[in-house]
Engineer: 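Sending over a structure as structure tokens; questions will come in a sec.
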Amino acid sequence: MEYEFSQDMLGAPVARFSMDHEAFGFWLEDELVGQAARLAQLLEETTRLKSSQGWSFELQGREYRLLLDRDEATVAANALSQDENDWDDEEMMLSDEGQRAGCGLDDFEAMLGDWQRYLTSIGQ
């Protein structure tokens, strides 16, 4: 998973991810900017799960839902879960682009730490 953090013309943090992981960027921007306590909580949850103190963790956000288990992290747009029963498989595949992503828990934890350091470096 490759990613890059920057700021837009107004100074807002921007997270750009490689194809198949784009939803993580949207999730970071929509759910974790200005949410230092929530970001710290997520880092604690990843540590807890990696040390086998629990099986899973779910965080329902405004636009995205995060699911963590001992092995992986998945983020999905809330709109997908609301409408997925009405779509056939082909429509689902086309609509998923940029709205759902997954990765290993170690990679997720490293990415969250990088995001936290980046936000701190720009005073967010």
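When reading the values below, keep in mind they use all heavy atoms of this one structure, side chains included, and skip hydrogens, waters and symmetry mates. Computed from a prediction, not measured in an experiment: that's the story for all the values here.
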Engineer: Any Lys/Arg nitrogen of Arg100 or Glu22 sitting under 4.0 Å from an Asp/Glu carboxylate oxygen of the other?
Structural biologist: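 Judged by the 4.0 Å cut-off on N to carboxylate O distance, Arg100 and Glu22 do not form a salt bridge.
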Engineer: Run the numbers on Leu28 and Phe17 for side chain to side chain contact (heavy atoms under 4.5 Å, CB included), then give the verdict.
Structural biologist: CA-CA 11 Å; Leu28 288 174; Phe17 281 71; 3.7 Å; yes
Engineer: Does the plane of the ring in Phe24 sit parallel, tilted or perpendicular to the ring in Phe108? Use 30° and 60° as the thresholds.
Structural biologist: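 It falls in the tilted class, 30° to 60°.
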Engineer: Give the C-alpha distance, both sets of side-chain angles, the deciding distance and a yes or no for side chain to side chain contact (heavy atoms under 4.5 Å, CB included) between Asp69 and Leu49.
Structural biologist: CA-CA 7 Å; Asp69 66 29; Leu49 290 169; 5.7 Å; no
Engineer: Between Tyr64 (side chain only) and Asp30 (backbone N and O only), is there a donor and an acceptor less than 3.5 Å apart?
Structural biologist: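 Flag not set: sc Tyr64 to bb Asp30 has no pair under 3.5 Å.
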Engineer: Would a single hydrophobic cluster contain both Leu67 and Leu43, if residues Ile, Leu, Val, Met, Phe, Trp and Tyr are joined by side-chain heavy-atom contacts under 4.5 Å?
Structural biologist: no
Engineer: I'd like to know if the side chain of Arg70 reaches the main chain of Ser52, judged simply by a donor and an acceptor atom lying under 3.5 Å from each other, with no hydrogens or angles considered.
Structural biologist: yes
Engineer: Would you compute the distance between atom CD of Glu45 and atom CG of Leu105 and round it to the nearest 0.5 angstrom?
Structural biologist: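 If we round to the nearest 0.5 Å, Glu45:CD and Leu105:CG are 10.5 Å apart.
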Engineer: Can you measure from CE (Met19) to CD (Glu2) and round to the nearest 0.5 angstrom?
Structural biologist: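 Met19 atom CE to Glu2 atom CD measures 12.5 Å (nearest 0.5 Å).
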Engineer: For residues Thr47 and Gln53, determine if any side-chain heavy atom of one lies less than 4.5 Å from a side-chain heavy atom of the other.
Structural biologist: no
Engineer: Taking C-beta and beyond as the side chain, do Tyr3 and Met111 meet within less than 4.5 Å on heavy atoms?
Structural biologist: yes
Engineer: Start with the C-alpha distance between Arg16 and Glu29, add both sets of side-chain angles, then the distance that settles salt bridge (charged side-chain N to carboxylate O under 4.0 Å, His left out), and finish with yes or no.
Structural biologist: CA-CA 10 Å; Arg16 295 292 172 245; Glu29 292 173 17; 3.1 Å; yes
Engineer: To the nearest 0.5 Å, how far apart are CG in Asp71 and SG in Cys103?
Structural biologist: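 So the gap between those two atoms works out to 11.5 Å.
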Engineer: Can you check side chain to side chain contact (heavy atoms under 4.5 Å, CB included) on Met1 and Asp107, steps first, answer last?
Structural biologist: CA-CA 8 Å; Met1 172 170 64; Asp107 290 340; 4.1 Å; yes
Engineer: Please check: side-chain N/O of Asn78 versus main-chain N/O of Arg62, any donor-acceptor pairing under 3.5 Å?
Structural biologist: yes
Engineer: Identify the residue among Leu32, Leu42, Thr74 that makes a side-chain contact (heavy atoms from CB on, under 4.5 Å) with Leu66.
Structural biologist: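 Only one option passes, and that is Leu42.
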Engineer: Distance check, rounded to the nearest 0.5 Å: Thr46 atom OG1 versus Glu109 atom CD?
Structural biologist: 4.0 Å
Engineer: If every non-hydrogen atom of Ser51 is compared with every non-hydrogen atom of Arg48, which pair is closest and at what distance?
Structural biologist: OG-O, 3.0 Å
Engineer: Considering non-hydrogen atoms only, spot the tightest contact between His21 and Ala101 and give its length.
Structural biologist: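 That would be CA-CB, 3.8 Å.
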Engineer: Using a 3.5 Å distance criterion without hydrogens, assess whether the side chain of Arg65 forms a donor-acceptor pair with backbone atoms of Gln60.
Structural biologist: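 No.
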Engineer: For residues Leu68 and Glu58, determine if any side-chain heavy atom of one lies less than 4.5 Å from a side-chain heavy atom of the other.
Structural biologist: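 In short, these two side chains do not touch, never coming nearer than 4.5 Å.
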Engineer: Determine whether a donor-acceptor pair (N or O, by modelled atom type, separation under 3.5 Å) exists between the side chain of Glu31 and the backbone of Glu63.
Structural biologist: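 At least one qualifying donor-acceptor pair exists.
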Engineer: Are Phe5 and Val14 in one and the same hydrophobic cluster, where Ile, Leu, Val, Met, Phe, Trp and Tyr link if side-chain heavy atoms are under 4.5 Å apart?
Structural biologist: no
